[in-house]
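FYI, side chains are in, hydrogens and waters are out, and symmetry mates aren't considered; it's all heavy atoms of this structure. Both counts, for ligands and for their atoms, begin at 1 and track the order of listing.
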Amino acid sequence: MNLEDQISSVFDLQKKHKLIQKNTDATYRIQKLKLFKKNMIDHRIEIEQALQSDFKKADLETDLTEILPVISMINHYQKKLKSWMKPKKVRGGIAFIGTKKYISYEAKGNCLVISPWNYPFQLAVYPVLTAFAAGNTIILKPSEFTPATNRIIKKLFELTFEPREVTVIEGAVEASSLLLEKPFDHIFFTGSTPVGKIIMEKASKHLASVALELGGKSPVIIDPNYDLAKAAKNIVWGKLVNSGQTCVAPDYVMLEERQKEKFIKLCKDSIKEFYPTIENNSDYAAIINQKNFDRLKGLTQEAISSGAKLEVGGNFFENGKIEPTILTDLSDDMQIMQEEIFGPILPVLTKKSYKEMKKYINQNDNPLVTYVYSFDEGFIQNIRSGTHSGGFSINESLLHVASPTLPFGGAGKSGIGRYHGHYGFEEMSNIRAVLHRKFEAGTKFLYPPYKEGTKSIIKKIIDKFNSFL
Ligand code: NAD
């Protein structure tokens, strides 16, 4: 069967099944999530090997950033899903006497999940399981750059679900394009902003709802009174997990000029402490492919040849690893300050004041997260209220993403929609408004032809509402 026929056949199979899937109960869905968890833990070594093979990711980082978030999500859903699925009664309004009103959380229907390569296990599996928990059928199209991870994901889904519930379709842009021709009810996309725009355009053909989990340049602001050593260590850690190939990695740092030298020295020390060697260090991931390696090398070289100063690093090894690199003396017109870096290169900008830092953030697209390192509540709230971003994290990088009780998503160009925990359940649900008339009450008097008596009652109601002003 060619790819087009394979896609049509799976889509039709899931379309036929969507009402059955929608009406599955919490017990069934939780039992499947638990089965997935068991299968995943049983195959933990295979998952680690797959990520090693795709981009030399350290086993411990695979456990921490790919497997554990999925376990934590499933555990949370095990506890909460039943109560989330219950219809929620709502009250109120004289016009509704004789009715019962409630919100029914129902599946959206047939979902398409398209995922990226950078956390290829977690970012494929997490949205699929969320959509499943909300009663949807799902086709997953993972990134073409992580074939080994895709194989293990496919195996785990086949061990857990029926194809009419969850199916994996592999391939590159051609596969995405063929899938996007189908009238899905919901599309959950994680990837770059330019591709996000294509997804939204294609979804508009069938008016599928979309969640777009995109990227951007996440800034870091350091308060001059904060402990610089703590900040440097935490920023270096957040930047170098997955070798900087993290959507919420600190993209660049802003601080006052007088702190620059000390900060760079502290970053250098932390890099040395975390990764004494780079090229053959199994704790340090490689760049996913030659294209991205060349892109990062190009960004660095262009910045240096345009006047940026290389403070730390700058070595690009043949095995795909890049030495943690710090640049200063940057200008806005350099490409590295215009696109998401998505690699272990950290520009450090100096600004005169926090006002200038806020202004700099606001003159660019909304980031996925803004990081602030400060002990001063006033400083923190000033930055928060004066900027926009999907998340806001104080004195800690990356961790906010791991919480199943915080929503995760972007704002503006960094994304549309939210997931994780209850927010994911709502994102994947059709939140249906239900009104049930239980007995006749006075609404009949509203039917035409409109009489003088009706008009005067409506006028009285408006006058009464006006008195609330
Ligand atoms: P990408 O946009 O290139 O690809 C993502 C997916 O879209 C892949 O499955 C790919 O095959 C598919 N795709 C690529 N071009 C397409 C097209 N023209 N039409 C349809 N589908 C297409 O992203 P990537 O390089 O895999 O991932 C890196 C980007 O993802 C970064 O920008 C990063 O910030 C972002 N990201 C965001 C989050 C988040 O949760 N917000 C998480 C991880 C990564």
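Nearest to atom 32 (O) of ligand 1 among the protein's heavy atoms is E340 OE1, 2.7 Å. Closest protein heavy atom to atom 2 (O) of ligand 1: S192 OG, 2.7 Å. Closest protein heavy atom to atom 36 (N) of ligand 1: C247 CB, 3.6 Å. Distance from atom 41 (N) of ligand 1 to its nearest protein heavy atom, with residue and atom name: L214 O, 2.7 Å. Given atom 22 (C) of ligand 1, the protein heavy atom at minimum distance is V195 CG1, 3.5 Å. Of all protein heavy atoms, the one lying nearest to atom 27 (O) of ligand 1 is P116 CB, 3.4 Å.
Using a cutoff of 4.0 Å between basic side-chain nitrogens and carboxylate oxygens, K205 and E181 are scored as salt-bridged. Electrostatic pairing of D42 and K38 counts as a salt bridge here, judged by a charged N lying under 4.0 Å from a carboxylate O. Classification of E201 and K197 as a salt-bridged pair fails, no side-chain N sitting under 4.0 Å from a carboxylate O.
By the 6.0 Å and 45° rule, K351 stacks over the aromatic ring of Y360.
Taking a cut-off of under 4.0 Å to the non-hydrogen atoms of L123, the atoms of ligand 1 that pass are 42 (C), 43 (C). Counting the atoms of ligand 1 from 1 in the order shown, those under 4.0 Å from a heavy atom of K141 are 8 (C), 9 (O), 10 (C), 11 (O). Residue contact check: E144 has heavy atoms under 4.0 Å from atoms 10 (C), 11 (O) of ligand 1. Of all atoms in ligand 1, listed by their number and element, those nearer than 4.0 Å to a heavy atom of W117 are 24 (P), 25 (O), 26 (O), 27 (O). Atoms of ligand 1 found under 4.0 Å from any heavy atom of I198, numbered from 1 in the order shown, are 18 (N). Listed by number with element, the atoms of ligand 1 under 4.0 Å from a non-hydrogen atom of E213 are 37 (C), 38 (C), 39 (C), 40 (O), 41 (N). Those atoms of ligand 1 with a heavy atom of G215 less than 4.0 angstrom away are 34 (O). Close contacts between ligand 1 and F342 involve ligand atoms 28 (C), 31 (C), 33 (C), 34 (O) [criterion: under 4.0 Å to a heavy atom].
For atom 25 (O) of ligand 1, a protein non-hydrogen atom is found at a distance below 4.0 Å.
For the residue pair N75/K37, the side-chain donor-acceptor check at 3.5 Å is satisfied. A donor-acceptor contact closer than 3.5 angstrom links the side chains of N110 and T137. A donor-acceptor pair shorter than 3.5 Å cannot be found between the side chains of K321 and N281. For Y371 and N234, the side-chain atoms include no donor-acceptor pair closer than 3.5 Å. Using modelled atom types and a 3.5 Å distance limit, the side chains of D223 and S374 yield a donor-acceptor pair. In the model, K182 has a side-chain atom that pairs as donor or acceptor with a side-chain atom of S8 under 3.5 Å. Side-chain contact, T328 with E311: a donor N or O sits under 3.5 Å from an acceptor N or O. When only modelled atom types and interatomic distance are considered, N118 and Q245 share no side-chain donor-acceptor pair under 3.5 Å. No donor-acceptor contact under 3.5 angstrom links the side chains of T24 and K32, judged on distance only.
Heavy atoms of Y119 stay at 4.0 angstrom or farther from ligand 1. Within the structure, the closest approach of F189 to ligand 1 falls below 4.0 Å when heavy atoms are considered. Proximity of S177 to ligand 1 is not established, as no heavy-atom distance is less than 4.0 Å. Taking a 4.0 Å cut-off on heavy atoms, S143 registers as neighbouring ligand 1.
Polar contact with ligand 1: present for S176 (N/O pair, distance under 3.5 Å). For the pair F408 and ligand 1, the shortest N or O to N or O distance does not fall below 3.5 Å. For Y419, no nitrogen or oxygen atom sits less than 3.5 Å from a nitrogen or oxygen atom of ligand 1, counting backbone and side chain alike. Residue S414 has no nitrogen or oxygen atom sitting less than 3.5 Å from a nitrogen or oxygen atom of ligand 1, judged on distance alone. By the 3.5 Å distance cut-off applied to N or O atoms, T193 is not counted among the residues near ligand 1. Remark: ligand 1 and G191 share an N or O pair separated by less than 3.5 Å (distance only, no angle test).
At a heavy-atom cutoff of 4.0 Å, ligand 1 is contacted by the backbone of S115 but not by its side chain.
A donor-acceptor contact shorter than 3.5 Å is absent between the side chain of Q335 and the backbone of A303. At distances below 3.5 Å, at least one donor-acceptor pair connects side-chain atoms of K108 with backbone N or O atoms of E427.
The residue among T190, N118, L178, V173 with a heavy atom at the shortest distance from atom 5 (C) of ligand 1 is T190.
By the 30° and 60° cut-offs, the orientation of the rings of W117 relative to F342 is perpendicular.
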